[in-house]
Amino acid sequence: MLGLLATAAGKVLVISLLVGAGLPALFALGVKSMAYGAGGAAELDQAAPHPIGKVVGVAIFTLVLFFIGTGIAIVVASGLGMSVSFEHIFPTFVPKG
């Protein structure tokens, strides 16, 4: 019984660290990349703009939006009595069982 509690608590800890700290850190990295891409007043050293920063920033924001959408899909699916399948590239709702 105590082992099951420790396993469940460990899973909750890992997910909470990833979502509670990892996702905001990833978003902050996207903001930093966009500032690097804009250059000038957005950077402390008034550097020239770097187009790759904008590309990386957009890619990171897209990844963050994908994770948020997937989380919302999991919550909605469980409310509808379904589960989310990652059998294909995009998550899809499938009946449980």
> Once the angle between the rings of F61 and F27 is folded into 0 to 90°, is it parallel (under 30°), tilted (30 to 60°) or perpendicular (over 60°)?
Replying inline: tilted

> What heavy-atom pair brings F93 and A73 nearest, and what distance separates the two atoms?
Replying inline: CE2-O, 3.4 Å

> Do the side chain of H50 and the main chain of A48 share a donor and acceptor less than 3.5 angstrom apart?
Replying inline: yes

> What pair of heavy atoms forms the shortest contact from A77 to S83, and how long is it?
Replying inline: CB-C, 4.1 Å

> Hey, which of V75, T70, V76, I74 is the one that makes side-chain contact (heavy atoms from CB on, under 4.5 Å) with I72?
Replying inline: V76

>> Hydrophobic clusters here meaning ILVMFWY residues chained together by side-chain heavy-atom distances under 4.5 Å, can you tell me if L29 and L18 are in one?
In response: no

> Any link between V64 and F66 through a network of hydrophobic side chains (Ile, Leu, Val, Met, Phe, Trp, Tyr) touching at under 4.5 Å?
Replying inline: yes

> Same hydrophobic cluster for V12 and L4, using side-chain heavy-atom links shorter than 4.5 Å among ILVMFWY?
Replying inline: no

> What are the two closest non-hydrogen atoms of G53 and Y36, and how far apart are they?
Replying inline: CA-CD2, 4.0 Å

>> Measuring from atom CG of L63 to atom CD1 of I60, what distance do you get when rounded to the nearest 0.5 angstrom?
In response: 8.0 Å

> Rounded to the nearest 0.5 Å, how far does NZ of K54 lie from CE of M34?
Replying inline: 6.5 Å

>> According to a hydrophobic-cluster definition based on side-chain heavy atoms being under 4.5 Å apart (Ile, Leu, Val, Met, Phe, Trp, Tyr only), do F67 and F86 belong together?
In response: yes

